[in-house]
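What follows is one structure encoded as structure tokens, with my remarks underneath.
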Amino acid sequence: MRTLEVGSRALLVEFDSPTEAQALHAELLRRRADGELPAVREIVPAARTVLLDGLDDPRGLAARMRSWRIPPLSTRAGDAIEIPVRYDGPDLAEVAQLWGVPVGQVPRIHSEAEFRVAFCGFAPGFGYLTGLAERYAVPRRATPRTSVPAGSVALAGSYTGVYPRSSPGGWQLIGTTQAALWDHARVPAALLSPGSRVRFVPVEGR
Amino acid sequence: MTDRALCVVRAGALTTVQDEGRPGHALLGVPRSGALDAPASRLANRLVGNPADAATLETTLNGCALRSRCAVTVAVTGAPCAVTVDGRPAAWGAPVRVPAGARLEVGPAVRGVRSYVGVAGGIAVEPVLGSRATDLLSGLGPAPLTDGTVLPLGAETGVHARVDTAPQPGPPAALVLRILPGPRADWFTPAALRTLSTRAYRVSTASNRIGLRTEGPPLERAVPGELPSEGMVLGAVQVPPDGRPVVFLADHPTTGGYPVVAVVEETDLASAAQAPPGTPLRFVPVGRRGVSGAAARPAPGPLGRLSAAPGQHSNTT
């Protein structure tokens, strides 16, 4: 654990691995629910860090944090959210080639993985999902698309993501879902939040 | 006579509904958003008897024109501009009574960029996650105003202030942004940190509600390569590959992958919102305040604690 000051009101806590960052995020949520955390405006997990913003005394919290025992991330906490996917993305063949497998194997490999939302960003409701083995990491497209349709299931690095709305994007598109990733009339508005477990379920047809 | 609404006659270059924004949802990728010149928006509300967090209109450079369907009290704050009601001059920075059917003209900014129109009862569009703010990055909240938009008004709750005019800071002729250390100051060369704190920059025309972009000497990285995405704060000075610092404003992304060299004091962001393109800009390092009870200290080096990057880090586990 490494703590970095961010201005006078925020603290960035950095780890070597994404799982440690996710474990700290879970522990921060537990401590906040139990009233053991000083007032904080935002807790933002990311790839290998957790940002705490709006603190009165970031340095004091950093000092206290060093004595915390952070339980490892539970792998079986809560039910997985199931996202139905039609594996029909325009980059399916390219991903199969990058993985060195027949095209038909991509849906099987992807849907057999257990995902977890490591963090959100890019757009409201967009989650960066970890769970695919590192050997399935793929580069972003050399030229980003100017418009990726809402509901596109996509890969970049070893992350999977689902575009909540139409936007530009450079991820490799492998499928589409009808699931509403973001609906601000719904509570909660985001289908996925950091820590959520996710499974992709292949569906046929439209 | 329940038709409490404003019709937009001239939307202007960019007029949006703003309030205090949506703090607390960054972990879902939702920017804070809200008025860029928050003190001006709060003042407009105070002048018309609204709570501080009521929704106002934020104009950009050339104002807007509105026709009220009811008699209503308004106040225009922020960037100084001509205000007229049915063509007759009215006060800027003070409560103004607009009769039903009258046209309120908020003129182009004489200086500064953004004027705020407070209306008694507040702009009562549907809130999203507790806020009525237009968020241009993520598309939350009402779309920017267009000619013909009808804006519902809330019920008047307070009494407008009894003032002829309210003092407000003028827009900056030169922008001075006080900076504190960012988490990735050590990704830059000592020369780059010196450059940031001593050289002159200018506000770029590419600035918007997401970020204040700058023109000036690029900052050279000491650490090459990619930074995994990490959480971003309001006022973060992020440095993209072209080396020109970008100061994150209200609609900034919640996570980002370029290193943050410094963080601008939040109280300086209102003046950043009022600095038109071309405004001279300097970044001035200041001592850290309010951390572990430490008092303000003069910066020891050219960049204060920014240049002492390794000291910011505490390796433990």
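Computed over heavy atoms, backbone and side chain alike; hydrogens, waters and symmetry mates excluded. Naming convention: chains lettered A, B, ... in sequence-line order (proteins, then strands); numbering from 1 in each chain.
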Inset, instruction - Under 4.5 Å heavy-atom distance to chain A, tell me which part of Leu129(B) shows up: side chain, backbone, both or neither. - result: side chain
Inset, instruction - Check each atom of Leu140(B) against the heavy atoms of chain A and say whether the ones under 4.5 Å are side chain, backbone, both or neither. - result: side chain
Inset, instruction - With a 4.5 angstrom heavy-atom cut-off, could you sort out which part of Ile43(A) is near chain B: side chain, backbone, both or neither? - result: backbone
Inset, instruction - Could you please state which residues from residues 229-236 of chain B sit under 4.5 angstrom from chain A, measuring non-hydrogen atom to non-hydrogen atom, sorted by number, or 'none'? - result: Ser229(B), Glu230(B), Gly231(B), Met232(B), Val233(B)
Inset, instruction - Decide whether Glu265(B) and Thr267(B) meet the rule of one side-chain donor and one side-chain acceptor closer than 3.5 Å. - result: no
Inset, instruction - Check for a donor-acceptor pair, side chain of Arg22(B) on one end and backbone N or O of Ser131(B) on the other, with a separation under 3.5 Å. - result: yes
Legend entry - Region of Ala189(A) that comes under 4.5 Å of a non-hydrogen atom in chain B: side chain
Inset, instruction - Taking atom types as modelled, find out whether Thr146(B) and Thr149(B) have a side-chain donor-acceptor pair closer than 3.5 angstrom. - result: yes
Legend entry - Mutual orientation of the aromatic rings belonging to His110(A) and Phe200(A) [parallel < 30°, tilted 30-60°, perpendicular > 60°]: tilted
Legend entry - Sorted by number, residues from residues 21-41 of chain A in contact with chain B (heavy atoms, under 4.5 Å): His25(A), Arg41(A)
Inset, instruction - Please check if the distance between the ring centroids of Trp171(A) and Phe122(A) is under 6.0 Å. - result: no
Legend entry - Region of Ser193(A) in contact with chain B, defined by heavy-atom distances below 4.5 Å: both
Inset, instruction - Could you tell me if the ring centre of Phe119(A) sits under 6.0 Å from that of Tyr159(A)? - result: yes
Legend entry - Structural part of Leu11(A) lying under 4.5 Å from a heavy atom of chain B: neither
Legend entry - Residue part contacting chain A, namely of Pro23(B), when any heavy atom lies under 4.5 Å: both
